[in-house]
Asker: 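First the structure, then my questions, so here it is.
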Amino acid sequence: MPAFPATECADCGELYGFPVVACRACGSESFEAHDVVGSGTVYARTTIRVPGADHQGQEPFEVCVVDLAADIRITARVLDNPGLSPGDSVQFVEARDGVFFFEAA
């Protein structure tokens with residue numbers, strides 16, 4: 001099971017699921033890589049039918065908001081399961097070109 005590549009504030013320990021420039025909790029600009037468990041729960045989901053220019057030709061595709069451990073909430077693409085619903089379990093698969101990919105657990 002791959003770990004999710006989170007970011008941790010080096011000063012206060014606040015965790016983020018995305019790259020940050022300044023910590024919202026303490027204002028620090030020092031961060032370290034901090035892997036967290038890659039399993040999570042779907043908070044919300046939708047189908048993208050008309051994507052932006054950088055994702056043309058990939059439509060339609062599923063996107064979901066995933067709640068991970070340590071109060072991290074991220075937006076991710078769903079692989080091979082358009083039937084996911086809020087509350088379903090998902091597992092981190094990979095990060096590609098700044099996009100996180102999850103699949104049903």
Side-chain angles (χ1 to χ4, degrees):
M1 161 177 16
F4 181 82
T7 303
E8 180 181 36
C9 175
D11 292 331
C12 75
E14 184 79 10
L15 289 172
Y16 296 90
F18 47 86
V20 289
V21 176
C23 180
R24 291 183 288 201
C26 73
S28 174
E29 296 179 2
S30 298
F31 296 92
E32 299 172 350
H34 183 89
D35 290 345
V36 296
V37 174
S39 58
T41 304
V42 174
Y43 174 78
R45 62 154 294 279
T46 191
T47 302
I48 304 298
R49 298 185 194 289
V50 182
D54 53 342
H55 296 288
Q56 289 290 321
Q58 299 175 23
E59 69 274 1
F61 57 86
E62 302 295 312
V63 174
C64 64
V65 177
V66 177
D67 287 333
L68 296 170
D71 295 327
I72 296 174
R73 181 174 280 173
I74 55 104
T75 302
R77 292 270 300 262
V78 178
L79 298 173
D80 304 326
N81 193 339
L84 287 174
S85 298
D88 287 348
S89 295
V90 289
Q91 177 62 46
F92 175 68
V93 176
E94 66 177 333
R96 192 176 345 128
D97 297 325
V99 177
F100 302 119
F101 289 86
F102 281 74
E103 64 186 2

Asker: Determine the minimum heavy-atom distance between Ala10 and Glu32, stating which atoms define it.
Answerer: CB-OE2, 3.9 Å

Asker: Please say whether more than 12 non-hydrogen atoms of neighbouring residues, nucleotides or ligands are located less than 6.0 Å from CD in Glu29.
Answerer: no

Asker: Within the side chain of Tyr16, is there an N or O that forms a donor-acceptor pair under 3.5 Å with the backbone of Cys9?
Answerer: no

Asker: Could you state whether Phe18 and Phe31 fall into the same hydrophobic cluster, counting links through intermediate Ile, Leu, Val, Met, Phe, Trp or Tyr residues with side-chain heavy atoms under 4.5 angstrom apart?
Answerer: yes

Asker: Determine, step by step, whether Cys12 and Cys23 satisfy the side-chain contact (heavy atoms from CB on, under 4.5 Å) criterion, reporting the C-alpha distance in whole Å, the side-chain angles of both residues, the deciding distance to 0.1 Å, and the verdict.
Answerer: CA-CA 9 Å; Cys12 75; Cys23 180; 3.6 Å; yes

Asker: Is the number of heavy atoms from other residues, nucleotides or ligands under 6.0 Å of Asp54 CG greater than 12?
Answerer: yes

Asker: What distance separates Thr41 OG1 from Arg73 CZ, expressed to the nearest 0.5 Å?
Answerer: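 Going from OG1 on Thr41 over to CZ on Arg73, the span is 10.5 Å.
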
Asker: Could you tell me if the side chain of Pro51 sits less than 4.5 Å from the side chain of Gln56, heavy atoms only?
Answerer: yes

Asker: My understanding is that a hydrophobic cluster links ILVMFWY residues whose side chain heavy atoms are under 4.5 Å apart, including indirect links. Using that, what else belongs to the cluster containing Leu84?
Answerer: Phe4, Leu15, Val36, Val42, Val66, Leu68, Ile72, Ile74, Val78, Val90, Phe92, Phe100, Phe102

Asker: Looking at every heavy atom in both Pro60 and Arg49, which two are closest together, and how far apart are they?
Answerer: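 Heavy-atom minimum between the residues: CB-NH1, 4.1 Å.
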
Asker: Please tell me if the side chains of Cys64 and Arg77 come closer than 4.5 Å, counting only heavy atoms from C-beta onward.
Answerer: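 Cys64 vs Arg77: side chains apart.
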
Asker: With sequence neighbours excluded, tell me which residues meet salt bridge (charged side-chain N to carboxylate O under 4.0 Å, His left out) with Glu103.
Answerer: none

Asker: Count the heavy atoms of every other residue, nucleotide or ligand shown that sit under 6.0 Å from OH of Tyr43, and state whether that count exceeds 12.
Answerer: no

Asker: Looking at side-chain heavy atoms only, is the closest gap between Asp35 and Pro5 below 4.5 Å?
Answerer: yes

Asker: Is the shortest distance from a Lys or Arg side-chain nitrogen in Arg45 or Glu62 to a carboxylate oxygen in the other one below 4.0 Å?
Answerer: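 Yes.
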
